[in-house]
Amino acid sequence: MQPQQAGDEDGDVVTPWTVTAKSETGVDYDKLVQKFGSELITSELLSRIESSTGVKPHHFLSRGIVFSHRDLQSILKTHEDKKPFYVYTGRGPSSTAMHVGHLLPFIFTVWLQKTFQCPVVIQLTDDEKWICDPEKMTREKAEKFAFENSRDIIACGFDIKNTLIFSNLGVLSHKVNLPEFSPLADAIGIKTTNNKVRAVFGFSGEDSITKNFFPARQSVPAFSTVFRHVFGMDEKSKPIPCLIPCGIDQDPYFRITRDIAQKLDHPKPALLHSKFFPALQGLKKKMSASDETSAIFLTDSPAQIKNKINKYAYSGGGDTVEEHRAKGGNCDIDIPFQYLRYFMEDDEKVAAIHKSYSSGEMLTGELKKVTIEVVQKLVQEHQRKRAKVTDDIVRQFMSVEAFPRKNCSSLDFEQD
Ligand code: TRP
């Protein structure tokens, strides 16, 4: 399906299905924020996060990787007033081959959970993957991918006592007991016209009616009452505010959700938007599991990582050593440098590399060597943690039991 709004006047395309940029510096995010009507995260807001939590903002925030928001102030106010809120995020499980870019939202969500000590719900949209590609995908396969992807998600360090992972197909087939899910999806669907989903997502008359309905299901977890028994709410409890960290391509779903929230007596969910993780070939495209040479997979060996970065990572360095020494490298388009911004936590080290590479002192081969080591370490650590996530642990994360879960046999499951 090709969304109607594909092919903007400025050349960038950002929809839940397609992301491409015209410039080699990537998507023009300032323009996108204007077009979507969200707000940039300012340094004042970063200071407020720090003063309300006592924790230094995650480097994704301070480096502008998580860069835009809707109503974050109201979530901070809730936290400052010592009232509860929860975090909702998700993933479309299209295969078992997850890449390093897929980890980012979960690394960030774990940080939110630790910093705000809040419950997290994670929706796996296996239904979406099946509905949107029924020729290639089967229901059974999508459900299996959801289970396998959960292992990678859990390995990011979520708190087993305070995190629910659920798949939509699991809910719909009553394997997961969220009895208010479908009625709430219907209530949302009733308030959403065909015209609206066509305008927002570019659906056409050729698309199946099931696909037209899917956005309602992605909205449901933003309404706290669906998790009533998980969050310990009774019939009279007021809905709990929701914060959704997501890639900015998911914003269209939540614009619809926000429009409907008040009609259903819920607060509008707040949003935190992140930028796209670039492909090895450069910032014009995002890393994609279906384009093998664009991606570093979570199953890659150290040798594969080294080869991929050496062979494919787009360089902003000079063509020859002489030219590089004379003109310096361009960090804004250099993929090895961009990956360090994501994965090297030490701000001073990143700044020193930026300076040295831009001046031409540090060579492309030297920068790639640093990036290779950082990414190898990240992936190896991930593989080590993932190996500890047994089927039983996955099932416990997927069980609809009130928070904080007391009966987990694996409460000793430590995420070191
Ligand atoms: N549709 C998203 C995807 O394909 C998955 C998703 C569902 C999601 N709910 C979400 C992502 C909430 C972010 C936040 O990846």
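This structure is a prediction, so every number in the text was calculated from the model and none was measured. Each ligand, and each atom within it, is numbered from 1 in the order the structure gives. Values below: all heavy atoms of this structure, side chains included; hydrogens, waters and symmetry mates excluded.
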**Study point:** Near ligand 1, at a heavy-atom separation below 4.0 Å: residues by chain and residue number
**Key:** Y88, T89, G90, R91, G92, Q123, T125, E128, Q218, I244, P245, C246, Q250, F254
Review point. Quick one: salt bridge (Lys or Arg N to Asp or Glu O under 4.0 Å) partners of K196, sequence neighbours excluded?
Key: D259
Check your understanding: Under the salt bridge (Lys or Arg N to Asp or Glu O under 4.0 Å) test, which residues partner K286, sequence neighbours left out?
Key -> D249
Check your understanding: Salt-bridged, D127 to R217, with N to O below 4.0 Å?
Key -> yes
Review point. If you draw a 6.0 Å radius around CD in E80, do more than 12 non-hydrogen atoms from other residues or ligands fall strictly inside?
Key: yes
Exercise for review: Classify the angle between the aromatic ring planes of F201 and F203 as parallel (below 30°), tilted (30 to 60°) or perpendicular (above 60°).
Suggested key: parallel
Check your understanding: Which residue pairs pass the salt bridge (charged side-chain N to carboxylate O under 4.0 Å, His left out) test when at least one of the two sits in residues 261-284, sequence neighbours left out?
Key -> none
